Amino acid sequence: MRLGREMHLVARPARLIPEAGDVRLIEVPVPDPKPGEVLVRNLYMSIDPGALMHMKDLSALDIPHFATDTAMWCDAVGEVIESADEDLKAGDIVWHRLGWRDYAVASATRFRRVDAGAYPSLTHHLCFGIVAYIGIELAGIRPGDTVLVSSAVGGVGSIAGQIARLRGASKVIGSVGSARKVAYAKETLRYDAAFDHHDEDFRLQDDIDVYFDSVGGRQLEAAIDAMRPRGRIVVCGQTEQLHSGVPNGPRNMMTLVRKRLGLQAYYTFDHPDLVPKFEEEFPQWVRSGDLVVAETVVHGLENGVDAAVGQMRGEYVGKVVLRL
Ligand SMILES: NC(=O)c1ccc[n+]([C@@H]2O[C@H](COP(=O)([O-])OP(=O)(O)OC[C@H]3O[C@@H](n4cnc5c(N)ncnc54)[C@H](OP(=O)(O)O)[C@@H]3O)[C@@H](O)[C@H]2O)c1
């Protein structure tokens, strides 16, 4: 009998950071696939803010959360090692949402075969290119735009800034959480400028046409003040509120009205229409080197929760991926 490990949520953390005992790595028997099912050995899984968020009870927000005493889940890439399905074959590389476990056994319909050669690395199938791509499409970049990106070297932000440039922005500015990240944004991701949002009383020096917002709160407030009239704000996340647990909205919403700013929030799954265009353009940008997929790879399922906490604390650059 094959055995595999799964990360279970045992108790909902009282605070953002789970305590010892809230999660447990357990060993379980891995069943053989039944007709129509496949057995997948996971190779990589995504570490993202969702890991800590889904540990909470999110019923009031109408967002799914982890059940207790069952395996947690997240995006993952793995290899089919046994198949009882007509379509998927042993050796196929698949993307799916049954991460946080060594092996996934489920209906073949829950796995999507990917082209293993589409990117220089299998990890790139987990990057948040699609999230960034949709946000930048919704923003409608015009040649010459000045674009501000928050969490600018994070999983989503590191790609959003680069796509804005590819779409014709003339100046791309990154907001990040450390001096090391300022250097990374400018040297590796080719941002024109970057600043540390921890600097007390930071002021945006530029007039902004587009703000790509992942964090909300204080940075959204500063962006609204710096926007040009009729500028566009796209909101993909609210990390500041997620992390502090305290609503900390902008206090200058009247400025939003006065400047006639557009503000659009989105979930990636709202825009399946943009996926074919993304799949055509994005791998080409990566393969040609026009776009750098920034990432940090951590190792070992047992280190996954610490990695999620480290990511939230801003310890990594790029998309955080765990090698199982
Ligand atoms: N709408 C969608 O469909 C969708 C899909 C996926 C993800 N998202 C959202 O996109 C956002 C980014 O996700 P990601 O995976 O790319 O994460 P990420 O940006 O790689 O990591 C989170 C980053 O947030 C920053 N941060 C932490 N605490 C902060 C605070 N109090 N104030 C401001 N910044 C803080 C840190 O970067 P610094 O060190 O630079 O501050 C940290 O590294 C998240 O809000 C996530 O929920 C949305």
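Scope of the values below: all heavy atoms of this structure, side chains included, with no hydrogens, waters or symmetry mates. Note that the numbering runs from 1 along the sequence shown for the chain. Whatever order the structure lists ligands and atoms in, that order sets their numbers, starting from 1. Bear in mind that the values here come from a model prediction, so they are computed numbers and not experimental data.
The closest approach between any non-hydrogen atom of Gln238 and ligand 1 is below 4.0 Å. For the ligand labelled ligand 1, residue Glu315 lies outside the 4.0 Å heavy-atom shell. Proximity of Gly157 to ligand 1 is not established, as no heavy-atom distance is less than 4.0 Å. In this structure, Arg313 does not count as a contact residue of ligand 1, since none of its heavy atoms falls inside 4.0 Å of the ligand.
Under the 6.0 Å distance and 45° angle rule, Arg2 counts as a cation-pi partner of Tyr103.
Close contacts between ligand 1 and Asp48 involve ligand atoms 15 (O) [criterion: under 4.0 Å to a heavy atom]. Set against the non-hydrogen atoms of Gln311, the atoms of ligand 1 under 4.0 Å away are 15 (O), 17 (O), 18 (P), 20 (O), 21 (O), 42 (C), 43 (O). Close approach of ligand 1 to Val215 (heavy-atom distance below 4.0 Å) involves ligand atoms 33 (C), 34 (N). For ligand 1, the atoms lying closer than 4.0 Å to a non-hydrogen atom of Gly177 are 38 (P), 39 (O), 40 (O), 41 (O). Residue Met312 approaches ligand 1 through these ligand atoms, each under 4.0 Å from one of its heavy atoms: 27 (C), 28 (N). Within ligand 1, the atoms closer than 4.0 Å to a non-hydrogen atom of Phe128 are 15 (O), numbered from 1 in the order shown.
Among the atoms of Ser178, none of the N or O lies under 3.5 angstrom from an N or O of ligand 1. An N or O contact shorter than 3.5 Å is missing between His198 and ligand 1 by distance. Below 3.5 Å of separation, one finds an N or O of Lys181 facing an N or O of ligand 1.
Under 3.5 Å, the side chains of Gln219 and Asp213 contain no donor-acceptor pair of N or O atoms.
Selection from Ala308, Cys236, Gly237 by nearest heavy atom to atom 8 (N) of ligand 1 gives Cys236. Distances from atom 7 (C) of ligand 1 to the heavy atoms of Asp75, Ile47, Val156 put Val156 nearest. Nearest to atom 13 (O) of ligand 1 by heavy atom, out of Pro49, Ser46, Gly155, is Pro49.
The nearest pair of heavy atoms linking His8 to Ile26 is CE1-CD1, 3.2 Å.
The pair Arg24-Glu6 fails the salt-bridge criterion, with no side-chain N (NZ, NE, NH1 or NH2) lying under 4.0 Å from an Asp/Glu carboxylate O.
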